[in-house]
Amino acid sequence: MAIQNETFLLRPWEKGDAASLTGHANNFKVWQNVRDCFPHPYTVTDGRDFIELALSKPATQDFAIVIDGNAVGGIGIVPLSDVERFSAEIGYWIGEPFWNKGIVTQAVQTMTTYIFDHTNINRLFAPVFAHNAASARVLEKSGFRQVGILTKAAFKNNHFVDMILYELVK
């Protein structure tokens, strides 16, 4: 699966993306807004390991955001199981040079349409660190609604932080 628009391409990760991935992911400002499984510093080995993991999944769930042939960010889902098997968490990030350009909003909208049209997922959700107003705006512009505040729900950079929970139902 690959989706091209005028600004970017969403496609599965490729082994050759490791250097570009590392160049954009190895940024403290990016790390502050993502889960700790996204390491800092972010090395080429981390990039290769992530790409191998993404490629090992039975269905493509993790996509590169590609601009001018370079992987500059990522977007993906984590499907839940058991009674929550029709729900998935959506996550995304993009390299700092591409912030505030509307690219991630378009990527979230594109990914949401793809997921709802091509999978049995009927609910997407995203917990966002309360300090990450830009990510909250991305979700709101993409039709997600705030459903709650999770008080001190995360521990990031040696501090407890609140998370804002967003969801979009098909």
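Computed from a predicted structure; not experimentally measured.
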Next on the checklist: If I take atom CD from residue Glu89 and atom CD1 from residue Ile121, how far apart are they, to the nearest 0.5 angstrom?
Outcome noted: 12.0 Å
I'd like a table of donor-acceptor pairs (distance under 3.5 Å, sequence neighbours excluded) in which one partner is a side-chain atom from residues 50-73, with atom names and distances.
{"from": "Ser56", "atom 1": "OG", "to": "Leu53", "atom 2": "O", "distance (Å)": "2.7"}
{"from": "Lys57", "atom 1": "NZ", "to": "Asp62", "atom 2": "OD2", "distance (Å)": "2.7"}

Next on the checklist: I need the Asn100 CG to Ile94 CD1 distance, nearest 0.5 Å.
Outcome noted: 10.5 Å
Checklist entry - Of all residues at least two apart in sequence or in a different chain, which pass the salt bridge (charged side-chain N to carboxylate O under 4.0 Å, His left out) check with Asp36? => result Lys156
Checklist outcome for this item: So OG1 of Thr7 and CD of Gln106: to nearest 0.5 Å the spacing works out to 4.5 Å
Checklist entry - After noting the C-alpha distance and the side-chain angles of Leu21 and Trp13, does the key distance pass the side chain to side chain contact (heavy atoms under 4.5 Å, CB included) rule? => result CA-CA 10 Å; Leu21 165 59; Trp13 288 94; 3.8 Å; yes
Checklist entry - Distance from Thr119 atom OG1 to Ile77 atom CD1, nearest 0.5 Å? => result 6.0 Å
N/O donor-acceptor pairs under 3.5 Å from side chains in residues 23-34, not counting sequence neighbours:
{"from": "Asn26", "atom 1": "OD1", "to": "Tyr42", "atom 2": "N", "distance (Å)": "2.9"}
{"from": "Asn27", "atom 1": "OD1", "to": "Lys29", "atom 2": "N", "distance (Å)": "2.7"}
{"from": "Asn27", "atom 1": "OD1", "to": "Val30", "atom 2": "N", "distance (Å)": "3.4"}
{"from": "Asn27", "atom 1": "ND2", "to": "Glu96", "atom 2": "OE1", "distance (Å)": "2.9"}
{"from": "Lys29", "atom 1": "NZ", "to": "Glu96", "atom 2": "OE2", "distance (Å)": "3.1"}
{"from": "Trp31", "atom 1": "NE1", "to": "Phe38", "atom 2": "O", "distance (Å)": "3.3"}
{"from": "Asn33", "atom 1": "OD1", "to": "His131", "atom 2": "NE2", "distance (Å)": "3.2"}
{"from": "Asn33", "atom 1": "OD1", "to": "Asn132", "atom 2": "ND2", "distance (Å)": "3.3"}
{"from": "Asn33", "atom 1": "ND2", "to": "Lys29", "atom 2": "O", "distance (Å)": "3.2"}

Item to check | pair Val147-Phe125: side-chain heavy atoms closer than 4.5 Å | outcome: no
Checklist entry - In chain order, what residues pass the side chain to side chain donor-acceptor pair (under 3.5 Å) check against Arg48, with sequence neighbours excluded? => result none
Checklist entry - Are any non-hydrogen side-chain atoms of Ile90 and Ile75 less than 4.5 angstrom apart? => result yes
Item to check | Arg35 atom CZ, over 12 foreign heavy atoms within 6.0 Å | outcome: no
Item to check | CD1 on Ile115 to CG on Asn122, rounded to 0.5 Å | outcome: 12.5 Å
Item to check | ILVMFWY network linking Leu139 to Phe98, side-chain heavy atoms under 4.5 angstrom | outcome: yes
Checklist entry - Hey, are Ser20 and Asp17 close enough side-chain-wise for a donor-acceptor pair under 3.5 Å? => result no
Checklist entry - Once you round to the nearest 0.5 Å, how far does OG of Ser87 lie from CG of Leu124? => result 8.0 Å
Checklist entry - How far apart are the closest heavy atoms of Ala2 and Leu9, and which atoms are they? => result CB-CD1, 3.9 Å
Item to check | For Tyr92, all residues meeting side chain to side chain donor-acceptor pair (under 3.5 Å), sequence neighbours excluded | outcome: Ser135
Next on the checklist: side chain to side chain contact (heavy atoms under 4.5 Å, CB included), that's the test. Do Glu167 and Arg145 meet it? Break it down for me.
Outcome noted: CA-CA 6 Å; Glu167 73 175 3; Arg145 69 180 184 97; 2.8 Å; yes
Checklist entry - If every non-hydrogen atom of Asn120 is compared with every non-hydrogen atom of Phe86, which pair is closest and at what distance? => result O-CD2, 3.2 Å
Checklist entry - Can you name the nearest heavy-atom pair linking Leu10 to Met111, along with the distance? => result CD1-N, 4.4 Å
Checklist entry - Mind checking what makes side-chain contact (heavy atoms from CB on, under 4.5 Å) contact with Ala153, not counting sequence neighbours? => result Leu150, Met163
Next on the checklist: Taking Phe144's backbone N and O only, do any of them form a donor-acceptor pair with Glu140's side chain (distance below 3.5 Å, no angle check)?
Outcome noted: no
Checklist entry - Does Trp99 share a hydrophobic cluster with Phe129, counting links as ILVMFWY side-chain heavy atoms below 4.5 Å and allowing steps through other members? => result no
Item to check | Closest non-hydrogen atom pair between Tyr166 and Gln146, with its separation | outcome: CD2-N, 3.5 Å
